[in-house]
Q: 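Could you have a look at this structure, given as structure tokens, before my questions?
Counting starts at 1 for both ligands and their atoms, in listed order.
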Amino acid sequence: MPHCNKKMLSFFLTTRCNLCCRYCYNAKERNAIEEQTIPFEIAKSGVDWYFDNNESRHIRFYGPGEPTQAFDRMKEITRYAKNHPNGGDRVTVEIQTNGVFTEDIRAWILDNINIIWMSFDGMRDIQEYNRPLNLKYNAMFSGRKSAQVLEDNVRWLISNKGEHNLMVGARVTITDKNIDKQKEMVDYFYNLGIRYIWTNPLFYGVGKIPVCDDQEKQSSYNFDMEKYIDNYLDAYYYAKGKGLFWGSFLTINFDGESAYHCRCCTPLAAPHLTTDGYISACDMALTGSEAHHMDLFIVGKWNPETNSFDLYEEKIKALNDRKSTNMEHCKGCPAQLHCGGYCLGETVNEFGKLNGQNTMKCNAVRKLLSKLGTCKPFPYLHP
Ligand code: SF4
Ligand code: SF4
Ligand code: SF4
């Protein structure tokens, strides 16, 4: 089932975050604006609008900061969606979190969330290095480091899962710190009780200009794709032998056929509501008012006078038309229907346009497809 089948309403809940990750993809963007949490009024209108126009009842909480930092709003939105007269009884809930939250939050998650993706970079030392706690939160976690809080929460959720419909998975960013430790990470996650892991090669952060115009960003980026693939393949087969799923962002469409890369191409079936009241098509376009070159993904805005969303039809059409079957460089590519023209967010961030091409990533996708081939539907689609 290609990734564009992931139909859901996402909430970019809050810009607040309790970690200081070294590679945070949006730290500058978040810090440049005043702290914001999505107003309940907008979230509520979003639920009404989405449920009126879509069959899916899947909702999701995501950045731009750490969603559990707006716990009350998350509870409020979940309660509203689950009690909605139009299919609220079918609501399922997903979250992507850094996993560093308090005991009252994890107890609520156990009872209310169905899919939880923990942003995890691997063993404690790497996690601690890449994703340290913001010092002002030290007292809240009694001096425990971020990696220990995360491990404690994962163990607690898995051991208390019982009959709850909950999957605890990991989403791992691969950097030069863990690129050659993928097999070791398989054992680490296995011992924690995690069975589903998606890995993502490090990608460029989003700034005010596309990477193609940013020499400083280009020269500071360092990722050995060949090394990632070799180590990924070793870990993939090793994990398979242990009954564990070790996925790669580069393979998210290997389980079906689609000319679309992801849900971003069908934004009305998978909208993301931003903290400042816009509809975004992509996880990498986190605010509407400061979108800069990522503005291509801002496809609507909440209108307080009508209490509804105004849609930007031309931008929606441009995303609908962004297919691998329409792009010159994808014609004749053996991965055409198992890649879908690659990630639009990364492409626009790097080239400032929807039809850019990163040949390093194309070669990586093709190589993985030639080694792994296609597969049956993934149990859990990439976050
Ligand atoms: S948890 Fe996410 S939002 Fe927070 S600093 Fe890390 S990458 Fe950035
Ligand atoms: S970041 Fe890439 S995969 Fe994620 S929603 Fe945006 S285009 Fe799709
Ligand atoms: S691998 Fe490259 S050329 Fe092939 S479909 Fe993906 S983006 Fe297009």
Q: Please say whether the positively charged group of K323, taken as NZ for Lys or CZ for Arg, lies over the ring of Y260, i.e. under 6.0 angstrom from the six-membered ring centre and within 45 degrees of the axis.
A: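 Cation-pi check for K323 and Y260: passes.
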Q: For ligand 2, which atoms sit closer than 4.0 Å to a heavy atom of M284?
A: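 So the answer, numbered in order with elements, is 1 (S).
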Q: May I ask you to list the atoms of ligand 3 that are less than 4.0 angstrom from any heavy atom of Q336?
A: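 Listed by number with element: 5 (S).
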Q: Considering only heavy atoms of P64, which atoms of ligand 1 have at least one such atom less than 4.0 Å away?
A: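 Within the 4.0 Å cut-off of P64, ligand 1 contributes 3 (S).
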Q: Using a 4.0 Å heavy-atom cut-off, which part of R366 comes near ligand 3: side chain, backbone, both, or neither?
A: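 Side chain only.
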Q: Step through the shown structure and confirm whether more than 12 heavy atoms of other residues, nucleotides or ligands are within 6.0 Å of NZ on K242.
A: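 Yes, enclosed.
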Q: I'd like to know if the side chain of N253 reaches the main chain of H261, judged simply by a donor and an acceptor atom lying under 3.5 Å from each other, with no hydrogens or angles considered.
A: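 Yes, the answer is positive, given that a donor and an acceptor are paired below the 3.5 Å cut-off.
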Q: Under a 4.0 Å heavy-atom limit, does H261 contact ligand 2 with its side chain, its backbone, both, or neither?
A: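 Near ligand 2, H261 shows its side chain, while the N, CA, C and O stay back.
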Q: With heavy atoms of N98 as the reference, note each atom of ligand 1 found under 4.0 Å away.
A: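 Those atoms are 1 (S).
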Q: Could you list which atoms of ligand 3 come closer than 4.0 Å to a heavy atom of C333?
A: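 In order of number, 1 (S), 3 (S), 4 (Fe), 5 (S).
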Q: Students should be able to answer this: which protein heavy-atom is nearest to atom 6 (Fe) of ligand 3, and at what distance?
A: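 Going atom by atom, the protein heavy atom closest to atom 6 (Fe) of ligand 3 ends up being C339 SG, 2.4 Å.
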Q: Heavy atoms only, cut-off 4.0 Å: how does F249 contact ligand 2, side chain, backbone, both, or neither?
A: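 It is the side chain that gets close, since no backbone atom is under 4.0 Å.
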Q: How far apart are the closest heavy atoms of E350 and N358, and which atoms are they?
A: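 Nearest heavy atoms, E350 then N358: OE1-ND2, 2.8 Å.
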Q: Does the pair D230/K227 count as a salt bridge with the N-to-O cut at 4.0 Å?
A: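 Not counted as a salt bridge, because no side-chain N and carboxylate O are separated by less than 4.0 Å.
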Q: Quick one: is the NZ or CZ of R57 closer than 6.0 Å to the six-membered ring centre of F51, and within 45° of its axis?
A: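 R57 over F51 ring: yes.
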Q: Starting from atom 5 (S) of ligand 2, find the nearest protein heavy-atom neighbour and note its residue, name and distance.
A: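 Going atom by atom, the protein heavy atom closest to atom 5 (S) of ligand 2 ends up being D283 N, 3.7 Å.
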Q: Compute both the distance and the angle, then confirm whether K75 meets the cation-pi test with F71: under 6.0 Å from the six-membered ring centre, within 45 degrees of the axis.
A: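 K75 over F71 ring: yes.
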Q: Give a yes/no verdict on whether any heavy atom in F297 is under 4.0 Å from an atom of ligand 2.
A: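 Per 4.0 Å heavy-atom rule, F297 does not contact ligand 2.
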Q: With a 4.0 Å cut-off on heavy atoms, does R131 reach ligand 1?
A: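 R131: in contact with ligand 1 (<4.0 Å).
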Q: Run down the list S119, G205, C17 and name the one with the heavy atom closest to atom 4 (Fe) of ligand 1.
A: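 Closest candidate by heavy-atom distance is C17.
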Q: For atom 8 (Fe) of ligand 2, find the nearest protein heavy atom and state the residue, atom name and distance (0.1 Å precision).
A: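 Its nearest protein heavy-atom neighbour is C262 SG, 2.2 Å.
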Q: Please write down residue, atom name and distance for the protein heavy atom closest to atom 2 (Fe) of ligand 2.
A: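 Looking only at protein heavy atoms, the one closest to atom 2 (Fe) of ligand 2 is C343 SG, 2.3 Å.
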Q: Taking the six-membered ring of Y129 (Phe, Tyr or Trp), confirm whether the NZ or CZ of K177 is under 6.0 Å from its centre and within 45° of its axis.
A: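 Checked: cation-pi criterion met.
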Q: Kindly indicate whether a cation-pi arrangement holds for R195 with Y190, taking the cut-offs as under 6.0 Å to the six-membered ring centre and within 45° of the axis.
A: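 Output yes; distance and angle both within limits.
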Q: Under a 4.5 Å cut-off applied to non-hydrogen side-chain atoms, are K367 and E226 in contact?
A: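 Answer yes - side chains close enough.
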Q: What atoms in ligand 3 come closer than 4.0 Å to a heavy atom of C362?
A: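 Within the 4.0 Å cut-off of C362, ligand 3 contributes 1 (S), 2 (Fe), 3 (S), 7 (S).
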